[in-house]
Amino acid sequence: MKTLLLMAGCVVGITHMAFSQHVVAGPVGESTIAGVQVGASVSYLSKREFSLGVFFVKSASRSDAWSTPHVVFYGVHTAVPLMRTSKIVFSGTFRAGLSNQQFVVVVPGAETRLMTNRRVQLVSSVAWRYGHAALGAALLLKL
Amino acid sequence: MKTLTPLLVLCAAVFACEHEPDQLFETFVIRAGDHYATGRHAESLQWNVLRFEASFDQTAIYQFDDAGFQDSKNKLMGFSDCNSLHHQNSARFAWQWYHDQLEIYAYCYVNGQRQEAFMGVVQPGEIQRYEIEITNHDYVFRFSDKEVHIARGSTCSVGVYQLLWPYFGGQMPAPHDVSIRIRRF
């Protein structure tokens with residue numbers, strides 16, 4: 001957890017110096033082959049919708065298909081916009097972090113960010129987790 | 001409400017999905033003349049147990065002209081230990097067609113030294129459960145009510161534990177297409 005806080009500090013500091021823009025934060029959830037995982041994320045968004053931040057998720061339910069132990073997964077995530085309009089941004093994403101405080105995991109994916117109003121963004125995502133597609137959703141608020 | 005509606009639809013779509021266990025079997029095929037299986041992908045272990053079911057079929061039966069190669073271990077599945085290459089520190093299940101039966105082994109590299117332990121026999125067509133657990137000090141192999149402990153080498157604790165997929169050999173490549181079905185869970 002100390003590592004995560006340190007990473008969060010670095011992310012905030014570096015991105016603030018590099019491209020100070022708004023911060024978004026909120027709950028995230030992901031349906032994986034190993035069950036549903038929920039948590040939160042905080043990230044910086046640049047003017048061009050590049051995103052860099054930290055996340056934390058843990059098991060909220062188990063899957064019948066996988067006899068998985070309780071999972072805690074945290075780390076850093078980034079999103080690089082591939083296409084965007086004034087309301088929708090489609091991005092490639094990359095997460096890297098620690099699963100159960102021991103296992104280094106990298107997760108490629110993609111997300112669609114919908115700006116529902118000035119402060120609220122809805123995110124739907126797809127990622128590659130445990131060798132299978134995982135679907136995610138997030139509700140992010142501009143701080 | 002305008003904001004909530006798409007959110008509810010999104011959540012329903014995301015969290016309503018459930019996989020059927022039978023659909024999760026992946027088929028790995030090692031083509032004649034090859035060592036590596038098709039269907040491999042880059043993935044790392046995400047908790048301290050690798051658990052899977054596997055079934056072989058009649059393609060697991062083979063005879064080499066040179067009988068000296070018959071006891072070469074083919075790899076089923078496992079992982080390389082924390083930030084190690086698989087020939088340095090790794091734990092896998094291995095198999096071979098030997099003495100007219102399909103034999104399963106615990107197969108490790110510990111600080112570069114290979115270690116093997118016979119685990120049992122499986123019939124072609126039979127679905128069997130395999131498990132490797134990492135503890136602080138050893139690998140625990142479980143197969144068919146048998147448990148084997150093999151001490152881990154000196155390695156780190158936090159890092160990448162790369163999954164290792166089916167591989168034919170040893171030195172000899174697959175004499176014909178070999179098909180293995182695996183379902184992790």
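Protein chains get the first letters and strands the later ones, always in sequence-line order, with residue 1 at the start of each.
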Flag yes if more than 12 heavy atoms outside [X] fall under 6.0 Å of its [atom1] atom; otherwise flag no.
X: B:His137; atom1: NE2; answer: no
X: B:Glu131; atom1: CD; answer: yes
X: B:Asp145; atom1: CG; answer: no
X: B:Lys146; atom1: NZ; answer: yes

Side chain, backbone, both or neither: which part of [X] has a non-hydrogen atom closer than 4.5 Å to chain B?
X: A:Ala134; answer: neither
X: A:Val126; answer: neither
X: A:Tyr130; answer: both

Cluster check [X], [Y]: I/L/V/M/F/W/Y, side chain < 4.5 angstrom:
X: B:Ile104; Y: B:Met77; answer: yes
X: B:Tyr167; Y: B:Phe141; answer: no
X: B:Phe28; Y: B:Trp95; answer: yes
X: B:Tyr62; Y: B:Val178; answer: yes

What I'd like to find out is whether the side chain of B:Ile134 reaches to under 4.5 Å of the side chain of A:Phe103, using heavy atoms alone.
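They are in side-chain contact.
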Applying a heavy-atom distance below 4.5 Å, give me the residues of residues 36-61 of chain B that approach chain A, sorted by number.
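Within residues 36-61 of chain B, the residues that come under 4.5 Å of chain A (heavy atoms only) are B:His41, B:Glu43, B:Ser44, B:Leu45, B:Gln46, B:Trp47, B:Asn48, B:Arg51.
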Check ring-ring contact (aromatic ring centres under 6.0 Å, His included) between B:Trp97 and all other residues, then give those that pass, not counting sequence neighbours.
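Partners of B:Trp97 by the ring-ring contact (aromatic ring centres under 6.0 Å, His included) criterion come out as none, since no residue qualifies.
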Decide side-chain contact (heavy atoms from CB on, under 4.5 Å) for B:Arg184 and A:Ile33; before the verdict, give the C-alpha distance in whole Å, the side-chain angles of both, and the deciding distance to 0.1 Å.
CA-CA 10 Å; B:Arg184 285 184 292 142; A:Ile33 190 78; over 6 Å; no
Between B:Val160, B:Leu163, B:Asn83, the one whose heavy-atom pairs under 4.5 Å with chain A are most numerous
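It is B:Val160.
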